[in-house]
Amino acid sequence: MSSAPDILADAVERALRSAVGAENAGPAIIRPCADPKFGDYQANGVMALAKRLGQNPRALAEKVIAELQFSDVSEPPTVTGAGFINFRLTPSFVTRQIAAATNDERLGVPTVAQPKTVVIDFSSPNVAKPMHVGHVRSTIIGDCLARVLRFLGHRVITDNHLGDWGTQFGMLIIGWKRFRNDEALQQDAIGELERLYKYVNDHKELRDDAKAELVKLQQGDAENHEIWQKIIDLSMQEFSKTYQRLGVSFDHTLGESFYNPMLKDVVEELKRLNLARESEGAMCIFFEDNPELKKTSPLLIQKADGAFLYGTTDMATLKCRIDQWHPDEIVYVTDARQQLHFKQVFAAARKWWEKPPDLRHVYFGTILGEDGKPLKTRDGTPVKLADLLDEAEERALSVVTEKNPTLPLVERQQIARAVGIGAVKYADLSQNRTTDYVFSWSKMLAMNGNTAPYMQYAYVRVQSIFRKAGATKADIATVSLEHAAELDLAKHILRFPETLHAVAEDDKPNWLTGYLYDLTGKFSAFYENCPVLQSAEPTRSSRLLLCRLTADVIKRGLNLLGIEVIEQM
Ligand code: ARG
């Protein structure tokens, strides 16, 4: 089934060709009307085209309208402003689309005609350190983007680019050999590894020994290699617990160490191609030809002492991914502080390959405490992700208990898990990711507002209508949309596909949370104005069908955010 914007775009493009000739016409840009007063969708771009052709934009818009041919999709279009063409969908078109969506498992969302191969590099914590709230954003945003792109039909490859190589291993190995506490290691592996690292780091007299251990590791010493592997395994076990709680998985976990054997060759290749050159003993990629980057320091790929760097690994990773997976796009999800790094890596890639994949840095801001400073625990240390999730579930349990005190504890706990984890995810995904946001338990667990508990509760409420109706699913009745609130809800349901495309286009999950929040608002208006169970047939069935579609869209929408629905609350 084609969505309204697709049908409109097609019709406007044809009309443009008739109006100005195929050689002048460009693609049509269909957007939701900023003000619903003017209609549901508007075609932009006529203004720019008129300017280019030296014509009057309003006159050109009228000419395009005269050429427009579509059956009953829209009421007669109108022109506003300096040449916007506005469309209002007809009730009969909306009715047909709703009926089609009801019969469609994918709720009217077609898969893309040209699937792309997209690599998503996300989560990527550093071993021997606890995952902190900064990694929560990468994990949650990356997982959501993967889900949405997959649902749209793209071939998605998720890769956890673990920080499992680097100078910290010299200190960790010394710590492991001399100061390790096996009991502590068993109880809290990452906590103990962190202690060992800090201990060695704090004792300057151990520095030289740590360096020597690092060199041994880099030269392939068997004992050190084994310790290094153990440290990774222990860290991974802890990370896996968190991933399981979050319902996140990866196709690959290829850490930095995987690329280690390739670094030397990558540096040689970059030198050979004259992309890298020596400066003060170090190997660097300069960006003199790049207006934005020419004033920044170059991308360092080898230090004077021969050591490789973060950037070297990223160049090798890129080559490996391109050679192995031939991706159309690679998306990196990290915090905003790495912007310069990725700009440089991407600019270097454009020098290296004639046609590199579309490289995108999906960055995000910092999570702030209520004091406006980066979120910390009371003693000033970064908040650990596992503790945060524990607290979310505890707090959710009291919310659930308040709502439903008689439910057995195990059931309340199960619900609290979905609500608590869902609340943390939703709070994160509903932000414009590029800005910082203030972390607030009371806001994210509020039963009112743009929150996970509110959305999950909305789902429960809609489901309870079916329970009362005595059927779990409405029959496919003839849909009839008479009341304005009914039509408004139906049109919003039909905007699910374009919303998902917008999420994919801008890498912005908050388009989806905003859409779902509006959906519940429109559902409430519908439910207040249009009796469902008390109506006579066929209205009753038709309205039940709208309820069912609303529930299905909420469920699918939350699923794409990585959030579970619950059947009671
Ligand atoms: N491990 C890094 C960190 O915690 C993130 C890695 C992101 N991915 C990449 N290809 N550089 O900051």
- Could you walk me through whether Asp6 and Glu498 pass the side-chain contact (heavy atoms from CB on, under 4.5 Å) check? CA-CA 9 Å; Asp6 288 346; Glu498 65 198 63; over 6 Å; no
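- For His501 and Trp511, the ring centers sit 6.0 Å or farther from each other.
- The CD1 atom of Ile141 lies 11.0 Å from the CZ atom of Phe122; values are rounded to the nearest 0.5 Å.
- At a threshold of 4.0 Å, the pair Asp358-Lys116 does not count as salt-bridged, since none of the basic side-chain nitrogens sits closer than that to a carboxylate oxygen.
- For the pair Ser464/Met569, no side-chain contact is recorded, criterion being any heavy-atom separation below 4.5 Å from C-beta on.
- Remark: Arg88 does not engage Glu75 in a salt bridge, criterion side-chain N to carboxylate O under 4.0 Å.
- A donor-acceptor pair is defined here as one N or O able to donate and one able to accept, closer than 3.5 Å; no such pair exists between the side chain of Glu62 and the backbone of Arg58.
- A pairwise comparison of heavy atoms in Ala469 and Leu533 identifies CB-CD2, 3.6 Å as the closest pair.
- Residue Asp436 holds its CG atom at 14.0 Å from NZ of Lys373, rounded to the nearest 0.5 Å.
- In this structure, Phe70 and Pro77 approach most closely via the heavy-atom pair CZ-CG, 4.3 Å.
- For the pair Arg106 and Phe496, the cation does not sit on the ring face, since its NZ or CZ is not both under 6.0 Å from the ring centre and inside 45° of the axis.
- To the nearest 0.5 Å, atoms CG (Leu368) and CG (Leu375) are separated by 8.0 Å.
- Looking at every heavy atom in both residues, Pro125 comes nearest to His135 through CA-NE2, 3.5 Å.
- Side-chain contact check for Val503 versus Leu145: some heavy-atom pair is nearer than 4.5 Å.
- Looking at heavy atoms from C-beta onward, Asp428 lies in side-chain contact with Tyr437 at the 4.5 angstrom threshold.
- Side chain of His132 to backbone of Gly134: a donor-acceptor contact under 3.5 angstrom is found.
- The backbone N or O of Ser541 sits less than 3.5 Å from a side-chain atom of Glu537, completing a donor-acceptor pair.
- Within the model, atoms OH of Tyr527 and CD of Glu486 stand 13.5 Å from one another, a figure rounded to the nearest 0.5 Å.
- In summary, the side chains of His361 and Thr334 do present a donor paired with an acceptor at a separation below 3.5 Å, with no hydrogens or angles considered.
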- Message: If you apply the rule side-chain hydrogen bond (donor to acceptor under 3.5 Å, both in side chains), what do you find for Gln456 with Glu564, and how did you get there?
- Response: CA-CA 8 Å; Gln456 288 166 319; Glu564 285 171 50; over 6 Å; no
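- Using a cutoff of 4.0 Å between basic side-chain nitrogens and carboxylate oxygens, Arg556 and Asp552 are not scored as salt-bridged.
- Taking the side chain as every heavy atom from C-beta outward, Arg245 and Thr242 never approach each other to under 4.5 Å.
- Tyr243 and Asn160 share a side-chain donor-acceptor pair at under 3.5 Å.
- Between the side chain of Ser542 and the main chain of Pro538, no donor-acceptor pair closer than 3.5 Å is present.
- Counting only distance, with no hydrogens or angles, the side chain of Asn24 and the backbone of Val20 share a donor-acceptor pair below 3.5 Å.
- With respect to the salt-bridge test (charged N to carboxylate O, under 4.0 angstrom), the residues Glu67 and Arg17 do not qualify.
- The neighbour count for Lys508 NZ, taken as heavy atoms of other residues, nucleotides or ligands under 6.0 Å away, is above 12.
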- Just do the side-chain contact (heavy atoms from CB on, under 4.5 Å) check on Asp328 and Val118 with the steps written out, would you? CA-CA 6 Å; Asp328 300 293; Val118 185; 5.9 Å; no
- With side-chain hydrogen bond (donor to acceptor under 3.5 Å, both in side chains) as the test, would you mind laying out the steps for Ser124 and Asp121 before giving the verdict? CA-CA 7 Å; Ser124 312; Asp121 173 321; 3.3 Å; yes
- Steps toward salt bridge (charged side-chain N to carboxylate O under 4.0 Å, His left out) verdict (Arg495, Asp518): CA-CA 11 Å; Arg495 286 197 166 165; Asp518 289 344; over 6 Å; no
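- Ring geometry, Tyr515 versus His492: the interplanar angle falls under 30°, so the pair is classed parallel (tilted spans 30 to 60°).
- The main-chain N or O of Arg14 is found under 3.5 Å from a side-chain atom of Ser18 such that the two form a donor-acceptor pair.
- Around atom CZ of Phe342, more than 12 heavy atoms belonging to other residues, nucleotides or ligands sit under 6.0 Å away.
- Met444 and Thr451 get closest at one heavy-atom pair: O-CB, 3.6 Å.
- Asn559 places none of its side-chain heavy atoms less than 4.5 Å from the side chain of Ile563.
- No close placement of the Tyr363 and Tyr332 rings is indicated, their centers lying 6.0 Å or farther apart.
- Ser249 is linked by a side chain to side chain donor-acceptor pair (under 3.5 Å) to nothing, counting only residues two or more places apart in sequence or in another chain.
- Note that CG of Leu516 and CG of Leu561 are 6.0 Å apart. Values are rounded to the nearest 0.5 Å.
- In summary, the side chains of Gln568 and Gln463 do not present any donor paired with an acceptor at a separation below 3.5 Å, with no hydrogens or angles considered.
- Rounding to the nearest 0.5 angstrom, the gap separating the CZ atom in Arg412 from the OG atom in Ser398 is 10.5 Å.
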- Message: Applying side-chain contact (heavy atoms from CB on, under 4.5 Å) to His252 and Ile157, what does each step give before you reach the verdict?
- Response: CA-CA 8 Å; His252 302 278; Ile157 300 172; 3.6 Å; yes
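- Taking the six-membered ring wherever Trp is involved, the centroid distance between the rings of Tyr426 and Tyr454 does not fall below 6.0 Å.
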- Message: One pair to check against side-chain contact (heavy atoms from CB on, under 4.5 Å): Glu329 and Arg360. What are the steps and the verdict?
- Response: CA-CA 8 Å; Glu329 297 177 3; Arg360 294 206 302 280; 3.1 Å; yes
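- A 4.5 Å side-chain heavy-atom check between Leu389 and Leu246 finds at least one atom pair inside the cut-off.
- Counting heavy atoms from C-beta outward, Ile30 and Asn44 have side chains that stay 4.5 Å or more apart.
- The shortest heavy-atom contact between Val532 and Arg540 is O-CG, 3.4 Å.
- Inter-residue side-chain proximity for Asp159 and Arg321 is flagged as met; some heavy-atom pair is nearer than 4.5 Å.
- Between Ile415 and Ile566 the shortest heavy-atom distance is CG2-CD1, 3.5 Å.
- A ring-centre distance under 6.0 Å is not found for Tyr41 and Phe87.
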- Carefully, step by step, assess Ser430 and Thr513 under the rule side-chain hydrogen bond (donor to acceptor under 3.5 Å, both in side chains). CA-CA 5 Å; Ser430 57; Thr513 55; 4.9 Å; no
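- For residues 24-43, the pairs satisfying salt bridge (charged side-chain N to carboxylate O under 4.0 Å, His left out) are Asp35-Lys37, Asp40-Lys491, with sequence neighbours left out.
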